[in-house]
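Worksheet: the structure to be examined is printed underneath.
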Amino acid sequence: MSDVIVHVKNVQKTYKQGSIEVHALRGVTLELARGEFAVLAGSSGSGKTTLLNLVGALDVPTTGEIDVEGRMLSSMTGKDLAELRLRRLGFVFQAYNLIPVLSAYENAEYVMLLQGEPAEKRREKVMKVLESVGLKGMENRRPTELSGGQQQRVAVARAIASEPALVLADEPTANLDSKTGSDLVATMRKLNEEHGITFLISSHDPKVIRHAARVIRLEDGAIVSDERQNGKPAVGYNPVDAATEDSEAWRGGNADGEDYDGD
Amino acid sequence: MLALRIAWRSFLRHRRRSLITASAVSFGLGLMLASVGIAEDSHYRMIDMGVKLGSGHIVVQGKGYQRDQTLDYLVTKPDEVQKRIVGVPGIRQIAPRVRASGLIRSGDTSSAVLVSGVDPTIEPLVSSIADPKKRKKGDYIRPLAEMPNRNWPADIYIGSELANTLHVGVGDKVVLTVSPKGGGRPESAAFMVRGIFRTGSDELDAMYVEIPIDEAQRLLKIGTSLTQLAIILEDNVTTLQTTAEIKRRLAGMTLETLPWQESMKELYDTIVIDDGGNYVMFAIIFAIVAIGIFNTMLMSVIERTREFGVMMAIGTNKFLMFRIVLAEAFVLALFAAAIGVTLGLGLHYWVSSVGIDIAKWAGEDYQVAGVVFDMKIYSRLTAYIVAKWSVVVGGLVLVSAIYPAYRATRLQPVEAMRHV
Ligand SMILES: Nc1ncnc2c1ncn2[C@@H]1O[C@H](COP(=O)(O)OP(=O)(O)O)[C@@H](O)[C@H]1O
Ligand SMILES: [Mg+2]
């Protein structure tokens, strides 16, 4: 396994709005190592969402190249990209992440269903991840019966339940009060430390930034600083640490279930 | 299963919208079933009447008779025909008939009539003219062999209008004159009015008489030949099939075998036109259903743009998106079909029990193609008809949801998620 999970190479993204061109990213270069917990900081409009969407293969750069786990996104077909998103990436968005008609349990299970995991494994996994984000006992609640913070926890549970290589979270705490937001980030940090899941989180919230092992600052579409902080060990820079082994045990089961046929 | 689960929950979540749409669809289906039931019943009655007053579900006659109804085209070997078609499934009765035009006279008054020589033992089983309910006075004619006295004139059965014209009643004597086969001198014979019927059809009541078949054969000098064999079936649904079977069995004989659709063309055309009218109404209902579903599903897709964007971003493929929307339409269709069928059957049972009095708008007697028709219509539905229209409407619901479902697959996650 490569150390580098994401490699962004001199990426530019220009949106055209009629005759006006918006340069959302102006030549961004970035490497993210497996196991990192990095925060993409920057004020509103600095290009955070744009960059996350590009890394998440939801959009394509105007120029430049992005590799995820060593594969060049630009060389992949739409179908491959969808597979990549389904199997290797986890997503948490700012709000309204959940399928409103499904329960917390079903939302957390959703991606695994799409992946075709066997029922037994899904069940075990969902219970585990919901517990690890602090939602034990709330499995049967619908999104409307959960607070904003609890909803985001379900979104995090869903993102990690599918055992992705990388979780991309776009301002996951923006709609939460500061205490709830801090708790959510602490939870993600714990998942990162205990299970070695790589996180790339965008935020302009100081409480989120405080938890980060690495802070990448964007300003007006360009990286203005990139530093490790808190004196905490930068987990990702040492991929063969205890956390990885621990994560194998935690994952359990096998990954090759029957193909999900949707019905 | 996942698509259905999500669809069912969305259906419940948007109860109000679901109910409004479903009730529009159910109302359409219910209305359709009710009108199909009524049309089926009125057609059934028309056919039944036509068959009973006319020449049966199927008529076997001499080749050429349909075009030129003269004694030149006869069924010369009725026994052979009977022998060949005996045991054809679906046949209830075979009524031999001899028909010719004639002149009836009483005193100084005379009137042109259609003479029908019939078998008095079979006719009451198949003809509504011979039915006691249509009889105003007297009895039905007797076979010659059962006459108490061989010297008495044979019985004749005439319509009420004709009786008025001739000023005759039961027991009175009339003289019937016909032109025998071969164009010889007209033959006359005396008959005794045995009974008077009233069908409501001017044509029949004023112009139609029945006499024993052997007397007709004797007057017309045709031996044991017939002009036709009227075949009455257990059920109209097998008419065309049975016609084919009879044709097959009668191959080689110079005969023509016609279903009522051909022998009573006018009646058939009336039914076709009536059905056509119904289909226009159905087309309107279909359009309403299709537009309603299209709107609801498109609204549902647009409303859930963000939700669908997230679902696609996290890995839901286009095919599943498509099925989720279609599944919702499917749930809607099932629900609407259940209510629609209940409503339709409710209307059906109601109409079946009270009937619709058509006298109000049809005038005194309602006649279609010379056939009189009962003054009340009821409703007639079969499981097949109910299933057929439910499936058609359900299918229409699904078809109407195809474009909205396609729209869902065209969403771009990034753009969809910018949409709050
Ligand atoms: N689809 C788009 N069309 C036009 N401009 C866009 C689009 N998406 C983002 N932008 C612009 O690009 C810049 C960066 O936006 P974004 O990546 O959303 O920033 P952030 O997430 O940091 O707030 C902003 O000026 C924004 O208005
Ligand atoms: Mg943003």
Side-chain angles (χ1 to χ4, degrees), chain A residues 13 15 24 49-50 52-54 56-60 78-79 81-103 106-116 119 122 142-144 151 155 158-159 161-162 164 167-168 170-171 175 260-263, chain B residues 1-18 297 299-332 334-335 398 405 408-420:
Chain A
K13 178 71 184 179
Y15 294 109
T49 298
T50 302
L52 284 180
N53 286 345
L54 294 177
L58 292 169
D59 205 352
V60 288
K79 204 164 168 254
L81 292 173
E83 275 291 294
L84 177 89
R85 286 205 305 274
L86 176 61
R87 298 189 183 276
R88 306 304 299 154
L89 304 177
F91 292 89
V92 180
F93 303 102
Q94 184 173 329
Y96 310 110
N97 265 297
L98 305 181
I99 300 171
V101 296
L102 300 182
S103 67
E106 290 166 327
N107 265 288
E109 186 191 28
Y110 186 82
V111 177
M112 280 194 286
L113 262 172
L114 299 183
Q115 289 176 334
R122 291 201 307 267
R142 294 284 168 85
T144 48
Q151 287 181 36
R158 179 183 65 196
S162 57
V167 172
L168 299 166
D170 191 8
E171 308 215 35
N175 287 19
Y260 173 64
D261 69 3
D263 277 318
Chain B
M1 226 41 220
L2 179 61
L4 263 183
R5 193 196 311 167
I6 292 175
W8 171 240
R9 304 264 180 86
S10 316
F11 177 83
L12 291 179
R13 184 172 143 95
H14 302 283
R15 256 182 221 103
R16 229 175 98 86
R17 186 174 64 197
S18 303
M297 296 313 299
M299 218 163 78
S300 161
V301 168
I302 290 168
E303 215 171 68
R304 290 193 281 169
T305 297
R306 195 194 146 91
E307 184 185 328
F308 283 180
V310 170
M311 283 165 74
M312 290 180 98
I314 63 174
T316 310
N317 63 39
K318 289 175 191 289
F319 184 47
L320 181 56
M321 288 312 317
F322 189 79
R323 281 184 305 163
I324 286 171
V325 179
L326 270 199
E328 198 170 327
F330 178 72
V331 170
L332 232 152
L334 272 189
F335 189 75
L398 287 184
T409 69
R410 302 301 299 166
L411 291 174
Q412 296 295 318
V414 173
E415 276 160 37
M417 285 189 295
R418 286 164 62 86
H419 189 287
V420 182

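These figures come from a predicted structure and were not determined experimentally. In the text below, chain A, chain B and the rest are named by the order of the sequence lines, each starting its count at 1.
Each of B:I314, B:L12, B:N317 has some count of heavy-atom pairs under 4.5 Å with chain A, and the biggest count is that of B:I314.
With a 4.5 angstrom heavy-atom cutoff, A:A57 does not touch chain B via any of its atoms. Looking at B:R304, neither its backbone nor its side chain comes within 4.5 Å of chain A, counting heavy atoms on both sides.
With B:I6 as the partner, the side chain to side chain contact (heavy atoms under 4.5 Å, CB included) test is satisfied by one option alone out of B:L320, B:T316, B:I324: B:I324. Applying side chain to side chain contact (heavy atoms under 4.5 Å, CB included) to B:V414 and the options A:T50, A:L58, A:L54, A:T49 leaves one that passes, A:L58.
A pairwise comparison of heavy atoms in B:A3 and B:A327 identifies O-CB, 3.7 Å as the closest pair.
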Stepwise side chain to side chain contact (heavy atoms under 4.5 Å, CB included) test for A:Y110 and B:L2:
CA-CA 9 Å; A:Y110 186 82; B:L2 179 61; 3.9 Å; yes
